[in-house]
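First the proteins, then the strands, lettered A, B, ... as listed; each starts at 1. The basis for the numbers below is simple: all heavy atoms, side chains too, and nothing from hydrogens, waters or symmetry mates.
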Amino acid sequence: MTKKSAKIRYWLMKTEPDVFSIDDLQRLGKTAWEGVRNYTARNSMRDDMKIGDLVIFYHSSVDPAGAVGLARVCSAPYPDATQFDEKSEYHDPKSTREAPRWILVDVEFVEKWPAMVTLHAIKAEKALKTMLLVQKGQRLSVQAVEPRHFERVLAMAGSRQAEAVTA
DNA sequence: GCCAACGTTGGC
DNA sequence: GCCAACGTTGGC
């Protein structure tokens, strides 16, 4: 009997490459997605992300900004250790171990694309006009991506995974 | 460096 | 619970 696999979801996660880049992820293999201090982004990781979900890895605050590769959610949600670390810039004095405020997941490296899909290119692509990333004022660092948008970005990237994604 | 947009905080 | 003040994000 074949186990029916749950449908995976698609996400986009932003990072400043000076802090943590796709190359860092490739070198490490996987990482805890530390430092998210926005409730909406946290809620996505805590409530909606599942192991196996695919993530567009996005470099922000860099010129040019854009999507640089793919990652995959590889853990259940658990507390972000940096919130308890007084020496960390992510320390949150209002959070306790009994009731941790910040929850994260681990993500693992899948692939780095031959070339970045720039924000400029995403904005120029008609099929991506409604993608959350390019909506005015939108700045969530962890956001859901519609399957059709996800597919399109992967196609633009020449991703090896592109044909594996079905709508 | 600017600043629009948005999120969070805290006084009331 | 309101909302002004403040802080942050992130493209430009």
Side-chain angles (χ1 to χ4, degrees), chain A residues 9-26 28 31-49 53-73 77-107 109-146 148-159:
Chain A
R9 296 187 190 185
Y10 304 103
W11 305 93
L12 179 146
M13 294 169 101
K14 297 180 185 175
T15 173
E16 298 188 19
D18 291 348
V19 179
F20 191 86
S21 72
I22 186 82
D23 295 321
D24 294 324
L25 184 63
Q26 181 162 28
L28 294 173
T31 191
W33 202 258
E34 294 174 338
V36 170
R37 295 296 179 266
N38 169 283
Y39 290 108
T40 304
R42 177 207 65 183
N43 292 348
S44 290
M45 291 197 286
R46 186 189 62 189
D47 304 333
D48 297 328
M49 281 187 171
D53 284 1
L54 287 171
V55 178
I56 293 172
F57 199 98
Y58 181 91
H59 282 176
S60 66
S61 294
V62 67
D63 189 18
V68 292
L70 261 193
R72 187 189 293 115
V73 176
Y78 66 97
D80 182 340
T82 63
Q83 69 195 302
F84 309 122
D85 180 358
E86 287 177 27
K87 281 174 244 143
S88 170
E89 61 173 312
Y90 302 128
H91 179 236
D92 183 348
K94 292 181 180 169
S95 187
T96 64
R97 288 181 186 277
E98 294 70 34
R101 179 178 290 194
W102 304 110
I103 303 296
L104 52 65
V105 296
D106 291 348
V107 301
F109 179 83
V110 176
E111 66 178 8
K112 178 183 176 179
W113 294 330
M116 168 189 275
V117 180
T118 62
L119 179 60
H120 180 83
I122 291 171
K123 284 181 169 171
E125 173 58 50
K126 225 173 181 174
L128 298 177
K129 279 279 186 281
T130 56
M131 189 176 179
L132 203 57
L133 180 72
V134 296
Q135 302 314 301
K136 191 178 170 75
Q138 186 308 119
R139 51 178 208 193
L140 260 184
S141 65
V142 176
Q143 58 182 253
V145 176
E146 291 178 36
R148 63 198 173 97
H149 293 155
F150 187 87
E151 281 179 77
R152 176 61 62 132
V153 172
L154 265 60
M156 289 166 76
S159 167

Atom pair distance, as rounded to whole Å: [atom1] in [X] and [atom2] in [N]:
X	N	atom1	atom2	answer
A:Ile122	C:dG11	CD1	P	10 Å
A:Arg101	B:dT8	CZ	P	10 Å
A:Leu119	C:dT9	CG	C1'	14 Å
A:Tyr90	C:dG7	OH	C1'	16 Å
A:Asp63	C:dC12	CG	P	9 Å
A:Gln135	B:dA5	CD	C1'	14 Å
A:Gln143	C:dT9	CD	P	15 Å
A:Lys123	C:dG10	NZ	P	13 Å

- State whether A:Arg9 and A:Asp48 are salt-bridged, where the test is any N-O pair (Lys NZ or Arg NE/NH1/NH2 against Asp/Glu carboxylate O) under 4.0 Å. yes
Under 4.0 Å: is that the gap between some side-chain N or O of [X] and OP1 or OP2 of [N]?
X	N	answer
A:Lys14	C:dT9	no
A:Tyr58	C:dG11	yes
A:Lys136	B:dA4	no
A:Lys94	B:dG10	yes

- Item | hbond_proxy A:Arg37 side chain to C:dT8 base (donor-acceptor, 3.5 Å cutoff) | no
- Matching residue for A:Met45 among A:Asp80, A:Val36, A:Ile103, A:Val107 - test: side chain to side chain contact (heavy atoms under 4.5 Å, CB included): A:Val36
- Give a yes or no on whether the ring-centroid distance for A:Tyr90 and A:Trp33 is below 6.0 angstrom. no
- Message: Would you say the rings of A:Tyr39 and A:Trp102 are close, in the sense that their centroids are separated by under 6.0 Å?
- Response: yes
